[in-house]
Undergrad: 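What follows is a single structure, and I will ask about it in a moment.
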There are 2 protein chains.
Amino acid sequence: MAYLCFMLSKKTKYGLKALSVLAKHDRDNPVTTLTISDSEHISYKFLESILISLRKAGYLGSKKGKGGGYYLLQSPEKIPLTDIMRLLEGPIALLPCVSLNYYEACDDCQSEETCSIHRLMIKVRDSTLEIFRNHTVADLK
Amino acid sequence: MAYLCFMLSKKTKYGLKALSVLAKHDRDNPVTTLTISDSEHISYKFLESILISLRKAGYLGSKKGKGGGYYLLQSPEKIPLTDIMRLLEGPIALLPCVSLNYYEACDDCQSEETCSIHRLMIKVRDSTLEIFRNHTVADLK
DNA sequence: TGCAAAACCTATTAAACCGATAGGTTATTA
DNA sequence: TAATAACCTATCGGTTTAATAGGTTTTGCA
């Protein structure tokens, strides 16, 4: 059986795991992509692309060459998981019409007030959001 | 932009909407697929397959021929949304390894105790689960 | 100065899945 | 007997995911 929707992508999963590794090292001791891909059993090339997007978004610094690698630019307690989730996964919501950061109207709905599932999905969004908002990269261990 | 994962499938969305329509009618006045597909702006053929799976799972009864259609087999207050979600969407969890009904171990994880994101995902699952458990088809309106 | 390490970049792929469509058959009612 | 509506099987195009391939650039060090 397959579980596509409603599930975390491997991209996000691997990204969170990588961040938890990086949170255990300071910026003077960068961690290489290979180190993380080995210890977390993640495809090297796939992880590479994830770390690059985390760097481009401003969460990671990098150092090339021998002794190089990636490191957190802020202390892990200062990085809420909402930010990471939104970057890697996208909206924290079960429907685009209840997403705060990636809102999109539904094709099939006339209005959101009369939609039979809108309010329920807002409840789910809020409860999930509260968890991610109250946890940071430092909680990944 | 596209939002695949972490999102409800249209199948589930349409299924919930259809149930909310059926909840407004008693079993002596079945509602046709066409009526629902028109009022909810859902593809007829797609909705058809959804209603059939709801019937096969024991939630709906059906009546063929003129005056026929679908109707709820129980009163809407007695159908918790957890059941519907699991049928149409699958696991109520962000990872198979934290799913209660569709559990699957991760390939990359050594153990769930040491997994850096396992506990967090359990929290999300529990909060989502609580909402769906405390709501029924009768709440869809 | 040259070699190795490691980040960085672009492109491509195979498989899977979603959402929808097509074209029927069967059962029921009037 | 004709219309209605559920029911069934199969297929399809498009999109996305996750991974792979094959490079270039920068840095440290012997």
Side-chain angles (χ1 to χ4, degrees), chain A residues 1-15 17-18 22 27-38 40-57 59-71 88-91 95-96 106-108, chain B residues 1-15 17-18 22 27-38 40-57 59-71 73 88-90 95-96 106-108:
Chain A
M1 194 177 191
Y3 320 118
L4 261 211
C5 280
F6 206 46
M7 285 263 156
L8 224 55
S9 65
K10 298 216 167 181
K11 181 181 173 187
T12 305
K13 184 189 183 190
Y14 294 163
K17 285 192 167 191
L22 293 173
R27 59 183 300 160
D28 299 326
N29 293 92
V31 188
T32 67
T33 308
L34 189 61
T35 303
I36 300 176
S37 79
D38 276 356
E40 304 299 315
H41 307 97
I42 303 171
S43 148
Y44 175 82
K45 284 290 195 176
F46 190 27
L47 178 61
E48 210 174 28
S49 69
I50 297 167
L51 292 176
I52 287 175
S53 53
L54 284 168
R55 179 189 59 77
K56 285 186 176 169
Y59 297 106
L60 303 183
S62 64
K63 225 183 116 186
K64 288 185 178 178
K66 194 166 193 179
Y70 288 97
Y71 51 88
L88 297 179
E89 192 70 32
L95 289 176
C106 297
D107 297 334
D108 52 313
Chain B
M1 194 176 191
Y3 321 117
L4 260 212
C5 280
F6 205 50
M7 286 263 157
L8 224 56
S9 67
K10 298 217 168 180
K11 182 180 174 188
T12 305
K13 185 189 181 189
Y14 294 163
K17 284 190 166 192
L22 293 172
R27 62 183 300 159
D28 299 326
N29 293 91
V31 187
T32 66
T33 308
L34 189 60
T35 303
I36 300 177
S37 76
D38 274 354
E40 303 300 313
H41 307 97
I42 303 171
S43 148
Y44 175 82
K45 284 290 195 177
F46 190 26
L47 178 62
E48 208 173 29
S49 69
I50 297 167
L51 292 175
I52 286 175
S53 54
L54 283 168
R55 180 189 57 79
K56 285 187 176 167
Y59 298 105
L60 303 184
S62 65
K63 226 184 119 190
K64 289 184 179 179
K66 195 166 192 179
Y70 288 98
Y71 50 90
L73 283 176
L88 297 179
E89 190 71 32
L95 290 175
C106 297
D107 298 333
D108 52 313

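The sequence lines fix the lettering, A, B, ..., with proteins before strands; numbering per chain opens at 1. Just the heavy atoms: all of them, side chains too, but no hydrogens, waters or symmetry mates, feed the values below.
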Undergrad: Of the nucleotides C/dA6, D/dA19, D/dA18, which has the atom closest to the A/Thr32 side chain?
TA: C/dA6
Undergrad: In whole Å, I'd like the distance from the NZ atom of B/Lys11 to the P atom of C/dG19.
TA: 10 Å
Undergrad: Is the distance from OP1 or OP2 of D/dT17 to the nearest side-chain N or O of A/Tyr14 less than 4.0 Å?
TA: no
Undergrad: Verify the contact: side-chain N or O of A/Arg55 to OP1 or OP2 of C/dA7, cut-off strictly under 4.0 Å; return yes or no.
TA: no
Undergrad: Look only at the side chain of B/Glu89 and the backbone of B/Leu8, and say whether a donor-acceptor pair between them is shorter than 3.5 Å.
TA: no
Undergrad: Rounded to the nearest angstrom, tell me the gap between atom NZ in A/Lys63 and atom P in C/dC8.
TA: 13 Å
Undergrad: Decide, yes or no, whether a salt bridge links B/Lys10 with A/Asp108 under the criterion of side-chain N to carboxylate O below 4.0 Å.
TA: no
Undergrad: Hey, does B/Ile52 have a side-chain heavy atom less than 4.5 Å from the side chain of B/Lys56?
TA: yes
Undergrad: Hey, which of these two, A/Ser62 or A/Lys66, hits DNA chain C nearer its 5' end, going by closest nucleotide?
TA: A/Lys66
Undergrad: Round to a whole Å and report the spacing from CG of A/Leu51 to P of D/dA19.
TA: 14 Å
Undergrad: Rounded to the nearest angstrom, tell me the gap between atom CG in A/Leu8 and atom C1' in D/dT16.
TA: 16 Å
Undergrad: D/dT20 P sits how many Å from A/Ile50 CD1, rounded?
TA: 13 Å
Undergrad: Roughly, in whole Å, what's the span from CZ in A/Phe46 to P in D/dA18?
TA: 5 Å
Undergrad: Check every atom of D/dC8, C/dG19, C/dC8 against the side chain of A/Tyr70 and return the nucleotide holding the closest atom.
TA: C/dC8
Undergrad: Does B/Tyr44 put a side-chain nitrogen or oxygen below 4.0 Å from OP1 or OP2 of C/dA22?
TA: no
Undergrad: On DNA chain C, check which nucleotide each of A/Gly67 and A/Lys56 is closest to and give me the residue with the more 5' one.
TA: A/Gly67
Undergrad: I want to check one thing: is the phosphate of D/dA5, taken as OP1 and OP2, less than 4.0 Å away from some side-chain N or O of B/Thr33?
TA: no
Undergrad: Identify whether any heavy atom of A/Ser49 sits under 4.0 Å from a base atom; if not, whether one sits that close to sugar-phosphate; answer base, sugar-phosphate or nothing.
TA: nothing
Undergrad: Quick one: which of C/dC9, C/dG19, D/dA19 gets closest to the side chain of B/Ser9?
TA: C/dG19
Undergrad: So, do B/Leu88 and B/Ser9 sit near enough that their side-chain heavy atoms are less than 4.5 Å apart?
TA: no
Undergrad: Describe the nucleic acid contact of B/Lys13 in one word from base, sugar-phosphate, nothing, applying a heavy-atom distance below 4.0 Å.
TA: nothing
Undergrad: Between D/dA6 atom C1' and B/Leu22 atom CG, what is the distance in whole Å?
TA: 14 Å
